[in-house]
Amino acid sequence: MNHKRTIRCGDLRKEHVGKTVTVCGWVDTKREMGALVFIDLRDVAGKVQLAFDVEKRPELHALAKAQHHEYVVAATGTVRARESRNVNARISTGEIEIDVTELEHLNSAKTPAIEVRDDLKCDPELRLKHRFIDLRRKPMQRMLQARASVIRSMRKTLDGEQFTEIETPILYKRTPEGARDFIVPSRAYPGQFYALPQSPQLFKQLCMVAGMDRYYQIARCFRDEDKRADRQPEFTQLDVEMSFVGKEDVIAMMERVVPGYVRALQQDATFKDCDWPVLKCGDIQTPIERMTYETAMRDYSIDRPDLRSRDLRLTELTEWSKTCSFNAFKTAATGGGLVKGLRCPGMADKFSRGQIGNLERDAKGMGAAGLASLKVAADGKIDAAIAKFFPEAEQKALIAAFKAQPGDMIFICAHAKEKVVHAVMHNLRTLVGHQLGLLDPNKFGLTWIVDFPLFEYKEEEEKLYATHHPFTLPADVATVAKMADAVRGWRSNMIAQVEKLKKHDPEETAIASRSSPRLPQVLSVIGILKQAGFTLEQVLGLRNNQYDLVLNGTEIAGGSIRMHRTDWQENLFELVGITKEEAEKKFGFLMNALAHGAPPHGGIAMGIERNLMCYMGLDNIQDVMAFPKSATGRDLMIDTPNEVEPKLLKELGIEIKPVA
RNA sequence: GGGGGUGUAGCUCAAUUGGUUAGAGUGACGGCCUGUCACGCCGUAGGUUACGGGUUCGAGUCCCGCCACCCUCGCCA
């Protein structure tokens, strides 16, 4: 290359008129007019028009004619103002052009499979296959720059608050809980495997134990689950952990990070031509709103409500249903279930028979027996297929419960399983929100969700699970300790009884069976707690120190204060049924670390891609990553995963068999 | 793993009820053109209708299988 670039194509302006410049880039379009040739030369900053005149410089004119789409050239020439009738108002360099005096052909190019144009519409497969061409497009380049800008701002904020960026291992260890791990065979230890981390959770806690005080990392995470529009096998988190802090400190820290990168995007001149929602939303107001998990579930039936449709709140009818005349509602309510409804203001005529049919079908798909739909007629009476099941007084009560007006539409769902009702109502609320035009992509509804339940109860298994993860600090450590003690007490008592029996009747106890009348009955943790005087409500009423940040119905960050004492940690393991042996095997290194003077600590992790999607108004995660995989987890450009040489497999002691 | 959608020229799409030689736009290539800017005009090339079977006198179209991509449920913090 003989020419040294002096300025980027897209940076040229009127003020450069008269200057001699050298630009480099790709031939975007070429227009031949016989004696005149124009080339739009493109680089990362934009496009500029190169002009060639056969009468002035015939050889250059010929060389220009020989350039084609996506050829790479360097051009030196004088910047000149265009005559007013030739100004192109649609591009930022449209007031000038370069009168080229030297042109260097740097490389040729095959005709690309996809066009390099902003509004490209084509098969997504082609974009992934030819990603390096796709990334030449301005929207893609701006996206990559925005991503960099957001990360730069995150680093800037945290670097200014005495955080240390620390890298944690990619070759990690398989964890049976949670998502499926990607595993990596070890050559040095045939038959043994590393796993890629689902997140650096335990390592960042170890950093705190190590006394690093404040850690962050732009961390790659790996999860081998089926993909979705908002999911990829590898993705990036801003991972943060802090020592000697409580919930408020972590939240306050994030309330500096989030407005920081939103402002960074808004102030960056690179993005002034972009039409991302984030550029129009103004400053993020702090403190960010907070909502308890209970409120979110009560009003929105989801722990990540979309606040843009916050006026569409759900109404619970469970108590009322217990005594109502409609059996479907009554049995659900009295059977420990849930009855909830949604009032859609003024929408009585907005749903076609077919749409209501679709809603019912969706509801049934989620396990509901049906979805009741009621119109409030002009006379204030209920106009619905199920109206006949309700006497007039009950109809009035229903309308009062919803504060319904004539012309409103009401949907009600009842089911013995709360989960089903929540799923149906959340789905419905999203749909109605769309129909009412409330889900404006240019608006941002940001809220913290706090006071999550400590446990989730899976009835089928009679088992408790930690809601967030088992390292989250309970809000009420003392009660958890009492519960754990009860379980431990019961267990040691049982062991003692069995030992006693063994002495008398070794044969019978060898068959440790539930049915033996002489053996103590094996109880679930919940069973034990009930026996010890704790109610299920009490157990499920326990809260933790988790906090999620929710943006427009998407969880964009989540974290918690952790347990820093082994006894607290052991108590929790006890209640979620993780035995000492299991805990030792899976998290032994953490337990050991906690036992060596772990400071109180907590943190948060924020999904970079999900943030970008929300702020840029995109709905596919592939559009905010440089080199994403397909929805089936393949990289279509480099074509992986693929087979490896038999020799390598042999070295690893691996033999490939058909998957069962 | 289940369900749905898509697959025709390099790209975006069309092709009537199963019926002649599978068309158009765009891009590519060649020619003409002194102010274009998605330039315009003229011409040329370009097809294993994803792939494999089947039904039929005849299949882009119907049936079965299979592959890829996208969406979705399950799964997933």
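Letters go in sequence order (proteins before strands), and every chain restarts at 1.
In this structure, a donor-acceptor pair under 3.5 Å is absent between the side chains of Y300(A) and D306(A). Neither side chain, T93(A) nor Q49(A), offers a donor N or O lying under 3.5 Å from an acceptor on the other. Side-chain contact, N545(A) with S560(A): no donor N or O sits under 3.5 Å from an acceptor N or O. A side-chain N or O of K340(A) and one of S301(A) form a donor-acceptor pair less than 3.5 Å apart. For the residue pair R223(A)/S199(A), the side-chain donor-acceptor check at 3.5 Å is not satisfied. Side chain to side chain, D181(A) and Y172(A) fail the donor-acceptor criterion of an N or O pair below 3.5 Å.
Residue T29(A) has a polar side-chain atom (N or O) positioned under 4.0 Å from OP1 or OP2 of C39(B). Between N88(A) and G35(B) there is no side-chain N or O to OP1 or OP2 distance below 4.0 Å. At least one side-chain nitrogen or oxygen of R228(A) sits closer than 4.0 Å to the OP1 or OP2 atom of C73(B). Applying the 4.0 Å criterion to OP1 and OP2 of C76(B), one finds that Q198(A) has every side-chain N and O outside that range. In terms of phosphate contacts, R31(A) brings a side-chain nitrogen or oxygen within less than 4.0 Å of OP1 or OP2 of C39(B). The side chain of Q622(A) contributes an N or O atom lying less than 4.0 Å from OP1 or OP2 of C70(B).
Residue E255(A) places its CD atom among more than 12 non-hydrogen atoms of other residues, nucleotides or ligands, all under 6.0 Å distant. No more than 12 heavy atoms of other residues, nucleotides or ligands shown are found within 6.0 angstrom of NZ on K417(A).
Within residues 44-61 of chain A, the residues approached by RNA chain B to less than 4.0 Å at the level of any non-hydrogen atom are Q49(A), E55(A), in residue-number order. Listed by residue number, the members of residues 445-456 of chain A with any heavy atom below 4.0 angstrom from RNA chain B form an empty set.
Residue contacts for T467(A): at a heavy-atom cut-off of 4.0 Å it reaches a base atom on one of the strands shown. Contact annotation for G178(A): backbone-only contact, meaning every heavy-atom pair under 4.0 Å involves sugar-phosphate atoms and none involves a base. Heavy atoms of S199(A) sit nowhere under 4.0 angstrom from any nucleic acid atom. Within 4.0 Å of D224(A), counting heavy atoms only, lies no atom of the nucleic acid at all. Contact annotation for R42(A): no contact, since no heavy-atom pair falls under 4.0 Å across all strands. Counting non-hydrogen atoms under 4.0 angstrom, I114(A) reaches nothing in the nucleic acid. L126(A) comes within contact range of the sugar-phosphate backbone alone, with a heavy-atom separation under 4.0 Å but no base atom that close.
Residue F573(A) is tested with Y465(A), W568(A), F587(A) for a ring-ring contact (aromatic ring centres under 6.0 Å, His included); the sole match is F587(A).
Between the CG atom of D40(A) and the P atom of G35(B) there is a distance of 17 Å, rounded to whole Å. In this structure, E125(A) places its CD atom 10 Å from P of A68(B), rounding to the nearest Å. If you take CG of N544(A) and P of A77(B), they are 16 Å apart, rounded to a whole angstrom. Taking atom CG on D230(A) and atom P on C75(B), their separation rounds to 16 Å, with Å as the unit.
In terms of heavy-atom proximity, P200(A) sits nearest to Q237(A) at CD-OE1, 4.5 Å.
Residue whose closest nucleotide on RNA chain B sits further toward the 5' end, between Q546(A) and D123(A): D123(A). Take the nearest nucleotide of RNA chain B for R610(A) and for L636(A): the residue whose nucleotide is more 5' is L636(A).
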Pairs under 3.5 angstrom only: tabulate donor-acceptor contacts from the side chains of residues 58-68 of chain A to other protein residues two or more places apart or in another chain.
unit_1, atom_1, unit_2, atom_2, d
H61(A), NE2, G34(A), O, 3.0
H61(A), NE2, A35(A), O, 3.2
Q67(A), OE1, H105(A), ND1, 2.9
Q67(A), NE2, L63(A), O, 3.1
H68(A), NE2, A66(A), O, 3.4

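Nucleotides A15(B) and U6(B) place their P atoms 13 Å apart, quoted to the nearest Å.
Within the structure, salt bridge (charged side-chain N to carboxylate O under 4.0 Å, His left out) pairs that include any residue of residues 623-633 of chain A comprise R127(A)-D623(A), E234(A)-K629(A) (at least two apart or interchain). Note on residues 446-456 of chain A: pairs passing salt bridge (charged side-chain N to carboxylate O under 4.0 Å, His left out), not counting sequence neighbours, are K247(A)-D451(A).
In this structure, C75(B) makes no Watson-Crick or G-U wobble pair, since no nucleotide meets both defining distances under 3.5 angstrom. Pairing partner, C57(B): G19(B), with both Watson-Crick or wobble hydrogen-bond distances short of 3.5 Å. Nucleotide C67(B) has G7(B) as its partner under the Watson-Crick or G-U criteria, with both atom distances under 3.5 Å.
Contact of R82(A) with C37(B) (side chain to base): a donor-acceptor pair of N or O atoms is detected under 3.5 Å. Below the 3.5 angstrom threshold, one finds no donor paired with an acceptor across the side chain of R127(A) and the base of C69(B). One donor-acceptor pair, N or O on each side, does fall under 3.5 Å between the base of C76(B) and the side chain of R231(A).
Under 4.0 Å is where a charged nitrogen must lie from a carboxylate oxygen, and between R85(A) and E83(A) at least one such pair does.
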Using a cut-off of under 3.5 Å, enumerate the N/O to N/O pairs linking the protein to nucleotides 26-32 of chain B.
unit_1, atom_1, unit_2, atom_2, d
A28(B), OP1, H69(A), ND1, 2.9
C29(B), OP1, H68(A), ND1, 3.0

